[in-house]
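These notes are about the structure you will find just below.
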2 protein chains.
Amino acid sequence: MTRTISRPPATENEVALGDLSRSFGFLLRMAQVQIFEFFFEDLGQIGLRPGEFSVLWVLHLNPGIRQGLLAQALRIKRAHMTKMIRNFEDRGLVARAVPDDDRRAVELRLTDAGVAFVDDHAKAFFSHDARRPTPLDPQEQAQLFALLQKYVGITPEERR
Amino acid sequence: MTRTISRPPATENEVALGDLSRSFGFLLRMAQVQIFEFFFEDLGQIGLRPGEFSVLWVLHLNPGIRQGLLAQALRIKRAHMTKMIRNFEDRGLVARAVPDDDRRAVELRLTDAGVAFVDDHAKAFFSHDARRPTPLDPQEQAQLFALLQKYVGITPEERR
DNA sequence: TGTCATTTGTTTCCCAGTAGACAAATTTTG
DNA sequence: CAAAATTTGTCTACTGGGAAACAAATGACA
């Protein structure tokens, strides 16, 4: 049994969320939906998908990476990665190669077209964050980033 | 055109993410996948799904709420909400009623079984956050919550 | 009043993503 | 060495969720 009504439904059009607004998973979901909406509003028309671009980007930074390691790093299931990679292959963006020392594995690298695609879109993709309207001031934004990075276990890569 | 390779791949098994680790959307996705994994590990066997429970919970707090307003509050698409509600109805957890003053709308409320379901699971659901292992200390955790709440616009003070 | 526009929920069709079985290659173990 | 166990990617089948067209009800406006 739970104390449910912490306060009465406010206005006609206000929805009480109660403890839900203190649930980490719920907050993350709300934030992500919001982000996605603006992402497609901002970059949808040039045919850029966040997941897709992430894979190509990591391929760009890690040429020859094995498919499984790539999936693991981006937390994409292997079955799904297979489909994404085949799609990229069909579009001529990625090439697969089976290494001789382990013929189960698949090594991935961008084709020239793949490199061109990443180069074409990297600026738009990474500058998107700056365009997104946010109620947070820059310091709060930085704080949020740092906490999220720590939470997901990404050591912020040092750079100048 | 973008300068892409800022440095060589670090270790054999390390994956360079570059600017991706500074992308808000990416960080949110990583965090959410992590959260989901532990959620199902923790509560999956009792047949609890975060989205499902959220809907029932909000129904509990806002009896008679209209379907569309519920969807809007939880950022669930109306088409999808239709399916969820029908599912709840089939399971006897939710009852639908068409109000006389607007016969397009549907007002939702939990059945007795629905109330029982929420009461049965609320404690497990809301205490889940505390069980989840996290690298953040309590103060950082609180800070992260506050920033996310502010970001998604559900600060404790209601807005107009 | 009658016509047009909007709101509300539903339906249909589609796609991203998952679970789990699978085959092939490799590693481990007896 | 042979047999069992694990790793790696793929396949099939399924589910959650979205886009768009739709019908019914309501509201706006001439």
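When reading the values below, keep in mind they use all heavy atoms of this one structure, side chains included, and skip hydrogens, waters and symmetry mates.
Residue A/Lys83 places a side-chain atom within donor-acceptor reach of the base of C/dT18, judged by atom type and a 3.5 Å distance cut-off alone.
Ring planes of B/Trp57 and B/Phe53: parallel class, angle under 30° (limits at 30 and 60°).
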Practice item. Show your working on ring-ring contact (aromatic ring centres under 6.0 Å, His included) between A/His128 and B/Phe24 and close with a plain yes or no. Key: CA-CA 10 Å; A/His128 164 77; B/Phe24 194 25; over 10 Å; no

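Taken to the nearest 0.5 Å, the CZ atom of A/Arg49 stands 10.0 Å off from the CZ atom of A/Phe39. B/Met30 contributes atom CE, which lies 6.5 Å from atom CG of A/Leu74 (distance to the nearest 0.5 angstrom). Note that CZ of B/Phe26 is 11.5 Å distant from CG of A/Leu148, once rounded to the nearest 0.5 Å.
Hydrophobic clustering of Ile, Leu, Val, Met, Phe, Trp and Tyr side chains at less than 4.5 Å, counting indirect connections, unites A/Leu28 with B/Leu48.
Side-chain N/O atoms of A/Gln72 include none lying less than 4.0 angstrom from OP1 or OP2 on D/dT8.
When the P atom of D/dA19 is taken as reference, atom CD1 of B/Ile76 falls 14 Å away, rounded to whole Å. Nucleotide C/dA25 holds its C1' atom 11 Å from the CZ atom of A/Arg66, rounded to whole Å. Nucleotide D/dT7 holds its P atom 17 Å from the CD atom of A/Gln67, rounded to whole Å. For B/Arg104 and C/dT10, the CZ to C1' distance is 14 Å, given to the nearest whole Å. D/dA20 atom P lies 12 Å from atom NZ of B/Lys77, rounded to whole Å. For the pair B/His80 NE2 and C/dC13 C1', the interatomic distance rounds to 16 Å; values are reported in whole Å.
Across A/Leu43 and A/Ala124, no two heavy atoms sit closer than the pair CD1-O, 3.8 Å.
Annotation: proximity of residues 84-103 of chain B to DNA chain C (heavy atom, distance under 4.0 Å) is found for B/Arg86, B/Arg96, numbered in ascending order. Only at 4.0 angstrom or more do the heavy atoms of residues 23-37 of chain A sit from any atom of DNA chain C, so none qualifies.
Nucleic acid contact class of A/Arg49 (heavy atoms, under 4.0 Å, all strands): sugar-phosphate only.
A donor-acceptor contact shorter than 3.5 Å links the side chain of A/Glu140 to the backbone of A/Asp137.
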Quick one: which protein N/O atoms are closer than 3.5 Å to N/O atoms of nucleotides 20-23 of chain C? Pair and distance per line, please.
none

